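Below: one structure, written as structure tokens.
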Amino acid sequence: MGVRAASGGRALTLDTLVRLQRGLGGPATPRRLPVPEGMTTPLGCDAVVAPARLGPLVLPRLPRVGCVYADEAHWWWIVPSDSDYALEWPAPARYVTGAVLPDASDPPGLVHRSEDTLPYTPPIPLYLALCRVIGTVPTWSRPVSA
């Protein structure tokens with residue numbers, strides 16, 4: 001079975017159409033925050049991103065800091081995968097599964113490197129520091145309504 005162009009051109013078979021579709025390429029592989037050479041991510045890799053104005057306020061409040069990246073608009077902290085479990089990260093911070101970067105952006109630069117081979121910032125102290133700087137109450141401290 002073939003499809004013939006209205007102008008009487010060459011017929012396109014199903015095989016040709018499939019080849020053309022594959023030639024277009026599938027979805028692009030997502031770009032992720034790069035983990036510095038020599039570091040391992042045994043717990044997977046997610047990220048918490050916050051507006052750049054908050055980064056310098058959060059950093060000194062952390063007892064341990066992993067790899068932190070920054071660009072003009074945001075600061076990114078690498079955290080273990082599933083660090084969003086049972087946590088509602090305070091806006092305007094966002095949790096990014098897989099540490100995936102937005103399509104249009106250039107990769108942020110490394111502003112702090114972990115002192116050991118793990119790139120992680122502990123998520124609970126990061127969560128508490130963000131809540132404090134943003135001026136919100138952690139979810140577990142909020143009143144429960146009936």
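All of these numbers come straight from a predicted model, not from anything done at the bench.
- Contact of the P123 side chain with the V48 side chain is not registered, since no non-hydrogen atoms from C-beta on lie closer than 4.5 Å.
- Note on ring orientation: taking the six-membered ring where Trp is involved, the planes of W76 and H74 are perpendicular (angle over 60°, cut-offs 30° and 60°).
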List the steps and the verdict of side-chain contact (heavy atoms from CB on, under 4.5 Å) for T40 and L118. CA-CA 6 Å; T40 60; L118 299 175; 3.7 Å; yes
Output, in order, the C-alpha distance, side-chain angles, deciding distance and verdict of side-chain contact (heavy atoms from CB on, under 4.5 Å) for W77 and V58. CA-CA 11 Å; W77 286 266; V58 170; 3.8 Å; yes
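- With T121 contributing its side chain and G66 its backbone, the two residues share a donor-acceptor pair below 3.5 Å.
- With hydrogens and angles ignored, the 3.5 Å screen pairs no side-chain donor or acceptor of Y120 with any backbone N or O of C45.
- Residue L43 is grouped with residue V96 when hydrophobic side chains (ILVMFWY) are merged at heavy-atom distances under 4.5 angstrom, including chains of intermediate members.
- Here the side chain of D46 pairs no donor or acceptor atom with the backbone of V79 at under 3.5 angstrom.
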Start with the C-alpha gap between L57 and W75, add the side-chain angles, then the distance that decides, and say whether side-chain contact (heavy atoms from CB on, under 4.5 Å) holds. CA-CA 11 Å; L57 302 173; W75 279 43; over 6 Å; no
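- The line from CG of D82 to CG of D84 is 6.5 Å long, rounded to the nearest 0.5 Å.
- Using a 4.5 Å heavy-atom threshold, the side chains of D116 and S114 count as touching.
- Using a 4.5 Å heavy-atom cutoff, the side chains of T41 and S81 are not in contact.
- The closest side-chain heavy-atom distance from R32 to I78 is not below 4.5 Å.
- Under the 4.5 Å side-chain heavy-atom criterion for Ile, Leu, Val, Met, Phe, Trp and Tyr, V137 and I134 are members of distinct hydrophobic clusters.
- Taking the side chain as every heavy atom from C-beta outward, P107 and Y69 never approach each other to under 4.5 Å.
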